[in-house]
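Residue numbers start from 1 in every chain, and the chains themselves are labelled A, B, ... in the order their sequence lines are given, proteins ahead of strands. Quick note: numbers below take in every heavy atom, side chains included, and nothing from hydrogens, waters or symmetry partners.
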Protein chains: 2
Amino acid sequence: MAITIKDVAKLADVAPSTVSRVIANNPRISDKTKEKVKAAMDELGYHPNFIARSLANQSTRVIGLVLPNSTDVFFQNPFFPTVLRGLSDGANERQYALQISTGKTDDEIFEGVVQMVQGRRVDGVILLYSRTEDKVLNYLRERKFPFVVIGKPFKDVDQITYVDNDNYKASKEATNYLLSLGHKQIGFIGGDLNFVVTIERILGFEKALREANIESNDEYIIHSEFLREGGQEAISQLLNLKNPPTALVVADDLMALGVLNTLTEMKISVPEDISILSFNNVLFSELSNPPLTSVDINIFELGYQASRSLIRLLSNENEPVRRIIVPHKLIKRVSCSSRIIDIKTAHPN
Amino acid sequence: MAITIKDVAKLADVAPSTVSRVIANNPRISDKTKEKVKAAMDELGYHPNFIARSLANQSTRVIGLVLPNSTDVFFQNPFFPTVLRGLSDGANERQYALQISTGKTDDEIFEGVVQMVQGRRVDGVILLYSRTEDKVLNYLRERKFPFVVIGKPFKDVDQITYVDNDNYKASKEATNYLLSLGHKQIGFIGGDLNFVVTIERILGFEKALREANIESNDEYIIHSEFLREGGQEAISQLLNLKNPPTALVVADDLMALGVLNTLTEMKISVPEDISILSFNNVLFSELSNPPLTSVDINIFELGYQASRSLIRLLSNENEPVRRIIVPHKLIKRVSCSSRIIDIKTAHPN
DNA sequence: AGTTTTATCCAACATGTTTAATTTATCAGA
DNA sequence: TCTGATAAATTAAACATGTTGGATAAAACT
């Protein structure tokens with residue numbers, strides 16, 4: 001057994017409660033006693049038992065993180081470590097620890113969250129994704145357990161505290177950029193439609209086209225969370241249309257890397273033959289060949305703001321519901337070029 | 001206050017201790033009583049309080065993960081999410097939760113570990129890195145706190161349970177592969193020498209050259225954890241030697257991507273002008289241009305084995321110290337080609 | 001001496017687990 | 001069928017380690 005406050009109390013010749021108050025720096029204890037107790041703590045090398053503390057306080061100072069299931073590409077995506085770093089920084093500032101959900105299937109994850117919540121293992125939860133239909137989110141709302149979402153909730157937006165970019169606007173702007181370069185046939189390659197980001201980005205994309213009076217073309221829109229397999233096929237298909245797109249908006253850098261790779265294999269050069277614009281601006285976007293023009297969504301900040309918001313929620317009984325929008329920024333590199341020449345000539349098909 | 005075993009006990013008309021035993025499925029309780037108690041638990045929607053349990057059991061079923069400090073490239077590297085997935089799977093199998101150290105500086109991290117350990121927040125710890133000199137590791141050893149290292153410890157290898165690849169051998173084999181392709185001038189670009197992996201890989205590299213009777217050339221060896229900045233310079237320097245290398249062993253895919261990028265900018269083509277071989281085989285190694293020949297070290301497995309080993313350590317009082325070597329495999333893609341032609345002709349310099 | 005103020009302590013509580021004690025049931029033998 | 005011995009089931013109480021409201025004692029002030 002380790003050293004407890006009783007041991008300290010005995011050595012300092014005071015009651016355990018006094019020791020507890022010294023730790024909390026309670027003003028009811030005289031400075032003299034505080035000194036005495038502190039000396040005893042040092043002598044014994046005392047460290048408070050966090051578990052006992054949590055039990056007494058009904059608070060663990062742990063934040064639970066819920067990730068989408070691990071089979072998901074999400075996990076491979078550099079988005080994850082970056083957002084985690086932000087979360088970590090935010091938590092660290094206020095001495096919170098992070099616990100992550102383990103669990104492969106959605107059911108296991110849900111079970112894990114229930115354990116965290118009902119087992120009082122965590123004080124609050126951060127969802128690292130937002131889906132159209134999510135058991136976990138519903139559960140947390142039902143139980144009125146404090147939580148924050150990274151990403152825009154699908155419904156009841158005004159009742160949930162969340163941190164997100166304005167993906168709709170970002171996508172619209174990105175598309176406008178391509179339009180401004182003279183592109184008129186623009187394709188969209190998106191990920192899983194169950195994620196709200198995907199939806200937002202596609203809506204922004206469509207809106208931009210509509211505003212430019214370009215009728216949207218369903219054939220130009222591809223959904224798949226491919227990276228390699230299938231992607232190749234999807235792209236050939238896209239490029240074999242009578243009127244192939246001259247530019248692509250890709251919902252994620254990793255995916256864009258896959259696209260780039262496929263195009264290279266097909267001997268189609270970027271940006272000469274086709275322009276590519278993607279999202280997230282993860283580390284390797286600038287290391288790709290050619291470096292990707294990408295919308296920086298400040299992933300770190302998403303995480304950082306999320307933990308801060310949750311902590312605020314936890315420390316303030318009647319903290320209002322908040323929406324935090326992290327600014328984005330188009331980083332122009334070389335994967336997009338202007339399309340001034342005739343499309344037919346320009347495209348190898 | 002939530003529902004406790006007392007509430008359940010009252011409803012089922014038994015003692016709290018009986019309820020506790022029902023939860024633990026203790027054979028001392030009759031089936032009849034078990035049924036009765038379970039019914040009461042269901043009726044009340046009882047969920048045991050994990051914190052109270054931890055206190056009583058002196059065990060939290062939480063594993064602490066220690067990452068190198070977040071300013072480190074490590075965090076950006078896809079290595080991290082992958083190893084985490086492995087860790088998560090291993091932990092999940094046995095119902096362990098994962099808690100990660102937050103903390104930006106090395107000191108903060110150390111403090112965090114002390115909190116975890118002395119505060120009894122975790123049952124054991126996994127170090128996700130191995131450095132030549134590490135305060136955390138020394139601390140854990142001193143306190144005899146259960147832990148496992150991912151990577152080979154720098155000293156007292158036989159007293160520490162660890163999971164690693166045989167990086168020495170892997171690097172030697174990789175270098176031999178380049179030798180077998182006819183390369184004689186081979187450079188090495190490595191990362192931070194404080195990490196043991198780097199050391200192992202460079203030793204393997206040198207050994208292979210020695211065995212091939214090629215005297216090693218210090219000018220061919222570069223260390224920096226660059227990705228972009230500085231890297232360019234380092235590479236130009238390397239290629240401006242009188243006898244520039246015709247092949248490079250790069251200690252990490254992400255770094256290799258940086259190298260690739262720099263080379264592309266310098267209009268040096270891979271593998272025609274120079275071959276590149278790297279380590280880790282992370283997701284995007286095959287998405288790069290050209291796809292990288294890389295040593296697959298089975299990152300997932302490293303994590304998976306690490307959590308399993310730690311759990312074994314925790315459940316078995318006198319579990320022996322173990323060394324677990326995860327096999328590696330050279331994945332040949334297209335970034336290496338054979339060097340049959342004369343070097344001077346082949347190289348643009 | 002009586003009243004405040006200040007410092008410290010006691011005991012209850014947060015929620016389970018577990019040892020040892022007690023109660024209840026079962027069976028052999030009279 | 002009843003007694004006592006034994007086994008089985010259940011309970012009470014102690015414990016794991018802190019926190020905190022109210023009680024108490026000591027000191028300080030009228």
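The NZ atom of B/Lys32 sits 11 Å away from the C1' atom of C/dA25 (whole-angstrom rounding). We find that CD1 of B/Ile51 is positioned 13 Å from C1' of D/dT17, with the value rounded to whole Å. Regarding A/Ile3, its CD1 atom lies at a distance of 16 Å from the C1' atom of D/dA16, rounded to whole Å. Atom-to-atom, CD1 of A/Ile5 to C1' of C/dA11 comes out at 14 Å; the value is rounded to the nearest Å. Look at CG on B/Asn49: it is 19 Å from P on D/dA16, rounded to the nearest Å. What separates CG of B/Asn26 from C1' of D/dA8 is a distance of 12 Å, to the nearest Å. Rounding to whole angstrom units, CZ of residue B/Phe50 and P of D/dA16 are separated by 20 Å. The distance between atom CZ of A/Arg61 and atom P of D/dT19, rounded to the nearest whole Å, is 13 Å.
When each of A/Leu67, A/Ile150, A/Val66 is checked for a side chain to side chain contact (heavy atoms under 4.5 Å, CB included) with A/Tyr129, only A/Val66 meets the rule.
Ranking D/dT11, C/dT15, D/dT20 by closeness to the A/Ser20 side chain, first place goes to D/dT20. Distances were taken from every side-chain heavy atom of A/Leu55 (C-beta onward) to each of D/dT19, C/dT15, D/dT11; the shortest belongs to C/dT15. Among the nucleotides D/dT11, C/dG16, D/dT19, the one closest to any side-chain atom of B/Arg53 is C/dG16. Proximity note for A/Ala56 (side chain, C-beta onward) versus D/dT10, C/dG16, D/dG18: the nearest is D/dG18.
For the pair A/Asp134 (side chain) and A/Leu137 (backbone), a donor-acceptor distance under 3.5 Å is present. No donor-acceptor distance shorter than 3.5 angstrom exists from the side chain of A/Asn57 to the backbone of A/Ser59, with no hydrogens or angles considered. In this structure, the side chain of A/Ser130 engages the main chain of A/Lys152 through a donor-acceptor pair within 3.5 Å. When atom types are taken as modelled, the side chain of A/Thr161 and the backbone of A/Arg322 share a donor-acceptor pair closer than 3.5 angstrom.
Nucleic acid contact for B/Val14: sugar-phosphate only, since backbone atoms but no base atoms lie under 4.0 Å from a heavy atom of the residue. Residue A/Tyr46 is in sugar-phosphate contact alone, with no base atom involved, counting any heavy-atom pair closer than 4.0 Å across all strands shown. Residue B/Thr33 is classed as a sugar-phosphate contact, given heavy-atom separations below 4.0 Å to backbone atoms only.
Taking a 6.0 Å sphere around NZ of B/Lys10, one finds it holds 12 or fewer heavy atoms contributed by other residues, nucleotides or ligands.
Distances shorter than 4.0 Å separate none of the side-chain N or O atoms of B/Arg120 from OP1 or OP2 on D/dT17. Taking side-chain N and O atoms only, A/Gln58 has no distance below 4.0 Å to OP1 or OP2 of C/dC13. Residue B/Thr4 has no polar side-chain atom (N or O) positioned under 4.0 Å from OP1 or OP2 of C/dT15. A sub-4.0 Å separation between OP1 or OP2 of C/dT8 and a side-chain N or O of A/Ser30 is present.
A salt bridge does not link B/Asp158 to B/Arg323: none of the charged side-chain nitrogens sits closer than 4.0 Å to a carboxylate oxygen.
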Show me the protein contacts with nucleotides 21-25 of chain D, counting only N or O atoms at under 3.5 Å.
from, atom 1, to, atom 2, distance (Å)
D/dG21, N7, A/Arg21, NH2, 3.1
D/dG21, O6, A/Arg21, NH1, 3.3
D/dG21, O6, A/Arg21, NH2, 2.7
D/dG22, O6, A/Arg28, NH2, 2.2

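Using a 4.5 Å heavy-atom threshold, the side chains of B/Ile324 and B/Val148 count as separate.
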